[in-house]
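Have a look at the structure below, then the notes.
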Amino acid sequence: MKRWQLHSGLLLVGCMWLCSGCDSTKYLAPGEALLRKNRIVLEDRKQVRNPGNLTDQLTYVYKQKPNGKLLWVPREWIWLTSPPDSCTTRLGRGVARWEKRLLGEPPAIYDPALTEATRRAMVNFLRHRGYFLAKAHYDARFNKDSTRVSVTYHVEAGPQYLIDTVTYETRDTALQPFLPLIVEGSLLKPELPVSAEIYEREVQRITRLLRNEGFAFFYPQYIDGLEGDSLGTRVRLRLEILPPAAGQSHQRFRIGEIVVYPDYRPLPDSVPYRDTVIGEVRFRAGPDGFPVKPKTILEALFVRPGEWYHFDRVERSRLRLGELGIYRNVGIRPEPLPDRPGELALYIYLTPNKQWELGFDTDININTSQRKSIVGAPNLMGFSLSPSLKSRNLLHGAELLVSNVQGVFEVDPVAVFSGQDTVYNNIDFKVQAELLVPRFVDFGHTWRLGNRLGIIPDKVYRALHSQATTRFGLSYNLIKLLQYYDYNLFNGTFYSYDLNISNREHLYVNHFGIDYLSPSTRPAFDSILAANPFLQRSFARQLITGVFFRNFNWTRRSPLRHNRYWSLNTGFELSGLEVWLGNELANALTGNTTRWTFFDIPFSQYARLNMDVAWHQQFKPRESVALRLAGGLIVPFGNADEVPYLKQFWVGGPNSIRGWPARALGPGRYRDPLTTNKANRPLFYQTGHIMLETNFEYRFKVLEFWGQVYEGALFVDAGNVWTLDEDPDRPGSKFYLTNTYDTSGRLLGESFLRQMAVSAGFGIRWDATYFVVRSDWGLPLRNNYPDEQGRFWRDPRTFKLTDLNWNLALGFPF
């Protein structure tokens with residue numbers, strides 16, 4: 001017998017022996033049985049739309065579930081065999097309790113009452129979704145000795161009743177003029193199911209609509225339940241909005257006055273508030289006066305006296321006041337004015353927070369972002385210390401000053417677990433200070449001009465004025481790769497805006513920013529620079545500038561519809577345009593051909609565009625597919641011959657093409673000689689001016705263990721990077737849209753599609769509630785270059801286990 005066969009046999013025998021000793025039924029009392037399995041059979045499956053999704057939803061109403069297993073050991077067996085009382089020492093009892101709570105589960109003793117409750121819950125669930133004729137029964141099958149039972153629920157959903165027409169009625173004369181507005185946005189649309197869920201959303205919509213029209217004290221209980229009559233499976237619905245009482249009408253209110261307590265706290269009767277009216281708003285200040293300038297508070301209010309009460313504007317005011325970051329609590333209470341019928345007062349209570357706050361954070365993280373490093377893997381495990389100091393209301397205008405120091409020591413976990421000699425030690429030290437001003441500062445009136453010219457949409461311009469936060473920041477960052485180089489980065493951001501246009505749309509704009517990059521190298525890296533002119537040209541002191549415009553980033557996520565959504569992330573960056581235009585103008589006036597520098601530091605001049613689109617489709621709560629398309633282009637202009645290395649695109653690594661390490665792939669059909677030896681993993685540095693990438697994942701639940709969910713993923717990645725012009729040191733790097741030939745018919749370059757690398761693999765993700773730990777193994781299937789036989793696709797017979805590229809990261813890749 002071969003050795004592996006002997007080992008497999010011994011393992012199988014051992015598992016059988018262990019399982020035979022883990023019989024939980026011997027601990028049962030007479031007449032008790034363990035619930036072994038729940039199963040749902042949808043009897044009229046062919047008549048139900050999306051039966052798999054409906055069956056999965058029904059599993060959530062189980063009132064009793066079988067016990068799980070810890071590997072092959074039943075978890076109820078661990079619970080039953082770990083009684084703390086049997087231990088004689090305090091330590092033993094503590095260990096037994098820990099084992100019982102974390103590893104075990106209380107035994108699922110079969111209870112017919114819970115089974116009947118589950119059956120009723122399934123029928124109610126279906127009827128709330130329009131299956132009014134739903135029926136269900138169950139079978140409980142015991143094993144031979146009646147110690148285990150399996151329950152099968154037989155469900156007959158029946159026809160789903162759909163909406164035919166909807167009629168809205170009210171006896172309240174005050175509400176009758178608003179009925180057309182209510183009908184216009186109705187969620188109860190024809191062909192939708194007669195669903196309790198849709199009805200509840202409609203109730204919330206009508207309530208909010210009427211509150212926004214001045215009916216401040218309208219509540220959901222004033223909307224009567226749906227009534228209807230059916231013709232077959234089509235239902236004519238009637239919904240009535242009730243008056244507050246017989247013969248009465250709902251009161252519509254205007255805002256009579258706004259009263260703000262800027263430093264709210266209960267005061268003794270002997271200490272009166274001081275009233276001051278500013279901008280039609282009455283401020284009631286305590287003995288300390290105004291901690292925050294009244295102008296700042298007024299700018300955060302979206303309501304004014306004389307207007308109809310509008311619930312959404314009141315909520316926006318409350319949220320905006322909370323976003324200032326200086327109040328511990330913000331309360332807004334509407335109250336009718338007894339001597340002014342049809343008017344109410346808005347009382348706003350603002351409780352200030354402490355002005356100074358000192359914090360100290362420690363963290364262990366896995367960095368998967370595009371680091372400001374030239375070589376090395378991006379998935380570094382970091383150990384960081386970060387003291388911080390916050391000053392709220394610095395200039396009495398709700399300004400927030402945040403300053404912190406961060407020190408991070410990082411290692412490459414891939415190198416650690418794979419036994420490589422280079423653990424890739426890295427030190428990252430950062431000092432930064434940022435001032436956040438809670439108002440919009442229009443730099444040079446460029447936004448107003450853009451809005452008048454129609455370039456800036458009214459929606460965005462209004463949102464900037466009402467919600468934008470202006471940022472000013474300075475930072476210094478030292479990245480120290482112990483074997484290769486030090487990298488100094490100085491950053492100044494003097495006019496940038498953060499704006500949440502909506503809860504699904506965010507805009508970041510940086511007008512005036514300066515980055516100064518200053519590297520210093522060591523001999524190990526000098527040899528790399530000497531052998532790679534393109535890296536040497538782009539790895540030098542750089543001054544990245546923007547005076548009127550530096551960069552913007554826009555993200556948007558679609559609403560969730562039919563269990564699917566898409567997201568878009570777009571960024572554009574521009575450096576050196578103003579400097580180049582000034583340089584050209586000065587040369588035209590003087591007749592010179594000089595290139596401006598700053599203390600011999602060249603100005604970087606480039607334009608960079610990147611876009612990332614992702615689409616997600618959910619089939620079940622733990623089963624989905626995700627698709628991502630990403631691309632980027634960076635172009636030097638003016639006096640620049642090359643763009644900074646840090647701004648160029650690269651692929652590979654945990655968030656890209658996972659069959660290759662970061663920066664190991666491309667450009668074009670070029671193959672970096674360093675990639676032939678995996679020991680060179682930290683030395684990969686291939687980048688390009690053009691990037692195209694696509695990724696696909698199928699995600700599914702694997703198991704649930706210790707209350708944590710583990711998901712699996714099957715994925716396929718494809719992509720590459722290219723240069724704008726042919727690099728003689730990296731032949732085949734240039735981007736060609738199609739096969740291109742010279743006048744003699746010689747092939748100059750292949751279509752970019754021929755140079756797309758492809759990898760596939762699988763991954764395990766641990767959902768720890770607040771974050772996801774992801775481990776992916778990618779296998780290269782198609783190289784970006786042909787082998788000796790001219791083939792791009794790899795021969796499956798040559799695959800080895802060592803070809804798998806391991807990626808460790810936090811969060812999903814897209």
Side-chain angles (χ1 to χ4, degrees), residues 2-5 7-8 11 368 377-379 412-422 424 625-628 650-684 686 692-700 702 710-721 732 750 752-765 774-809 812-814:
K2 295 182 179 180
R3 180 175 298 178
W4 69 268
Q5 291 175 322
H7 290 174
S8 300
L11 180 61
T368 60
N379 53 321
D412 183 358
V414 176
V416 172
F417 292 112
S418 61
Q420 297 180 21
D421 295 334
T422 305
Y424 191 66
V625 296
L627 175 66
R628 171 177 174 260
W650 51 269
V651 292
N655 292 337
S656 182
I657 305 174
R658 284 160 280 187
W660 283 266
R663 301 182 180 87
L665 184 58
R669 61 184 294 166
Y670 176 72
R671 184 185 188 187
D672 186 352
L674 290 174
T675 61
T676 59
N677 185 353
K678 286 200 171 186
N680 292 327
R681 179 187 178 93
L683 303 178
F684 303 147
Q686 297 304 327
L692 291 172
E693 183 179 327
T694 182
N695 313 87
F696 172 83
E697 279 199 354
Y698 168 61
R699 300 166 182 170
F700 52 93
V702 176
Y710 293 84
E711 291 187 350
L714 300 176
F715 60 82
V716 179
D717 307 317
N720 203 346
V721 293
E750 293 177 314
F752 73 97
L753 291 173
R754 287 272 293 169
Q755 299 165 1
M756 295 282 281
V758 179
S759 69
F762 62 95
I764 296 293
R765 289 87 191 272
R774 173 167 54 93
S775 183
D776 290 336
W777 289 265
L779 179 68
L781 300 181
R782 188 183 193 276
N783 293 314
N784 59 310
Y785 55 85
D787 59 16
E788 292 79 5
Q789 288 76 36
R791 295 176 301 190
F792 287 83
W793 289 96
R794 294 186 56 190
D795 186 347
R797 294 172 296 182
T798 65
F799 290 154
K800 302 186 295 291
L801 191 61
T802 55
D803 291 335
L804 288 172
N805 183 58
W806 180 44
N807 301 275
L808 183 64
F812 290 101
F814 55 92

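Bear in mind that the values here come from a model prediction, so they are computed numbers and not experimental data. In this chain, residues are counted from 1 in sequence order.
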Item checked: Member of Asp717, Leu692, Val721 meeting the side-chain contact (heavy atoms from CB on, under 4.5 Å) criterion with Val651 ->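 Filter result, single survivor: Val721.
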Item checked: Identified side-chain contact (heavy atoms from CB on, under 4.5 Å) counterpart of Arg794 within the set Asp803, Asp787, Leu781 ->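 When Asp803, Asp787, Leu781 are each tested with Arg794, the side-chain contact (heavy atoms from CB on, under 4.5 Å) holds only for Asp803.
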Please name the pair of heavy atoms, one in [X] and one in [Y], separated by the smallest distance, quoted to 0.1 Å.
| X | Y | result |
| --- | --- | --- |
| Pro780 | Gly659 | CG-O, 3.3 Å |
| Pro654 | Pro813 | O-CB, 4.0 Å |
| Trp806 | Ser775 | NE1-OG, 2.6 Å |
| Ile764 | Gly712 | CD1-CA, 4.5 Å |
| Phe762 | Leu714 | CB-CD2, 3.9 Å |
| Arg663 | Phe684 | O-CB, 3.4 Å |

What's the spacing between [X] [atom1] and [Y] [atom2] if we round to 0.5 Å?
| X | Y | atom1 | atom2 | value |
| --- | --- | --- | --- | --- |
| Asn783 | Asn720 | CG | CG | 10.5 Å |
| Glu711 | Phe700 | CD | CZ | 9.0 Å |
| Tyr785 | Phe792 | OH | CZ | 10.5 Å |
| Asp795 | Gln789 | CG | CD | 9.0 Å |
| Trp660 | Asn807 | CH2 | CG | 12.0 Å |
| Leu801 | Leu779 | CG | CG | 9.5 Å |

Note to self: Could you tell me if Asn655 and Arg774 have a donor-acceptor pair between their side chains, going purely by distance under 3.5 Å?
What the structure shows: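 Note: Arg774 and Asn655 side chains meet the donor-acceptor criterion.
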Item checked: Short side-chain donor-acceptor distance under 3.5 Å, Gln686 and Asp672 ->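 The criterion, which ignores hydrogens and geometry beyond distance, is satisfied for Gln686 and Asp672.
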Check: Looking only at atom types and distance, does a side-chain atom of Asn805 sit under 3.5 Å from a main-chain N or O of Arg658, one as donor and one as acceptor?
Finding: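 Yes: the side chain of Asn805 pairs with the backbone of Arg658.
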Margin query: Any side-chain to backbone donor/acceptor pair from Asn784 onto Gln755? Under 3.5 Å, distance only.
Written below: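 Judged by distance alone, no pair lies under 3.5 Å.
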Notebook entry, point to check: Does Phe814 have Arg699 sitting over its ring (NZ/CZ under 6.0 Å from centre, angle to axis within 45°)?
Noted result: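 The answer is yes; both the distance and angle limits are met.
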Checklist line | N-O pairing of Arg628 and Glu693 below 4.0 Å | finding: yes
Margin query: Between Leu627 and Thr694, is the side chain to side chain contact (heavy atoms under 4.5 Å, CB included) condition met? List the steps.
Written below: CA-CA 7 Å; Leu627 175 66; Thr694 182; 4.0 Å; yes
